[in-house]
Amino acid sequence: MKKLLLTLLLGAIMSVGFTQTTSEQRNAIRAQRQAKSVTQLTTALKNQNFTFTAQTMTPAFGFTVNVSGINNFLSFENSFLDCQLPYNSVNPTLVFQSMNFTASDYNYSFNVVGTTAYVVAVAPIVVNMDGQSTVPQGVVIHIQVDLNSGNATLTIAPTLNSAVTYSGSCNMN
């Protein structure tokens with residue numbers, strides 16, 4: 001009986017030690033995955049190879065509205081900017097306009113803010129609005145990204161209109 005009790009006690013002690021080791025291993029693996037994700041997103045932002053997907057839009061005057069859908073992204077890929085976002089500078093209860101343009105000639109800067117967030121500022125020099133006319137005035141775009149979560153805030157400020165802020169996420173292409 002003493003041997004059985006001693007064996008059970010020893011088994012319990014070993015399983016507790018093994019459980020702690022497994023938990024520590026899971027935490028270490030999770031930390032490695034998080035570090036890899038941060039590195040990949042940072043590289044994508046530096047190399048202009050990412051897509052911002054909008055989930056909400058807040059115009060300069062009005063309230064926040066959900067914009068989940070097909071045409072709600074801003075993408076940088078191979079030195080090419082493609083923007084297809086809903087746009088309304090006055091009130092989101094009115095009919096949505098589109099902020100659709102592409103640009104291959106733009107200024108791009110990448111700056112560190114604090115230790116976890118990055119800001120990307122872009123000023124397209126010539127853009128096509130709604131696929132119709134060329135607008136030489138340009139658009140200024142600011143993106144602030146939390147590298148730990150991928151959550152981002154994007155602000156678009158056309159030179160002839162009011163700024164609009166979008167919340168969403170950044171992912172590498």
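Since the model is a prediction, treat every value here as computed from it, not as a measurement. Count residues from 1 along the sequence.
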Stepwise side-chain contact (heavy atoms from CB on, under 4.5 Å) check, Ile141 with Leu74: CA-CA 10 Å; Ile141 301 168; Leu74 179 123; 3.7 Å; yes
Partners passing side chain to side chain donor-acceptor pair (under 3.5 Å) against Arg30 (at least two apart in sequence or in another chain):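 For Arg30 the side chain to side chain donor-acceptor pair (under 3.5 Å) partners, ignoring immediate neighbours, are Asn27.
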Counterpart residues, side chain to side chain contact (heavy atoms under 4.5 Å, CB included), relative to Asn78 (two or more places apart):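 Side chain to side chain contact (heavy atoms under 4.5 Å, CB included) check on Asn78 returns nothing, list empty.
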Residues forming a side chain to side chain contact (heavy atoms under 4.5 Å, CB included) with Gln34, sequence neighbours excluded: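 So Gln34 forms a side chain to side chain contact (heavy atoms under 4.5 Å, CB included) with Val38, Asn148.
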Pairwise distance OG(Ser169) to CG(Asp146) - rounded to 0.5 angstrom: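 Here the rounded value is 11.5 Å.
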Ring pair (Phe, Tyr, Trp, His ring centres under 6.0 Å) partners for Phe110, two or more places apart: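 With neighbours one apart ignored, the set is Tyr118.
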Validation row: Ser167, Leu154 side chains within 4.5 angstrom (heavy atoms):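 They are not in side-chain contact.
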Minimal non-hydrogen separation, Cys170 against Val145, with atom names: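 Heavy-atom minimum between the residues: SG-CG2, 3.7 Å.
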Minimum-distance pair of heavy atoms, taken over all atoms of Ala152 and Ile143: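 Of all heavy-atom pairs spanning Ala152 and Ile143, the closest is CB-CG2, 4.3 Å.
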Donor-acceptor contact present, side-chain Asn49 to main-chain Glu77, <3.5 Å: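 Checking the backbone N and O of Glu77 against the side chain of Asn49, no donor-acceptor pair under 3.5 Å is found.
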Tyr166 side chain to Pro86 backbone, donor-acceptor under 3.5 Å: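 Yes, because the side chain of Tyr166 sits within donor-acceptor range (under 3.5 Å) of the backbone of Pro86.
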Give every donor-acceptor pair under 3.5 Å between a side-chain atom in residues 50-63 and any protein atom, sequence neighbours left out.
from, atom 1, to, atom 2, distance (Å)
Thr51, OG1, Ser75, OG, 3.2
Thr51, OG1, Asn173, OD1, 2.5
Thr58, OG1, Thr64, OG1, 2.7

Qualifying side-chain hydrogen bond (donor to acceptor under 3.5 Å, both in side chains) pairs, either residue in residues 37-48, two or more places apart: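 Found Gln48-Tyr106.
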Passing candidate, side-chain contact (heavy atoms from CB on, under 4.5 Å) with Phe73, options Leu85, Asn171, Asp82: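 The single option meeting the side-chain contact (heavy atoms from CB on, under 4.5 Å) with Phe73 is Asp82.
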ILVMFWY cluster, Tyr108 and Leu147 together (side-chain gap under 4.5 Å):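 Same hydrophobic cluster.
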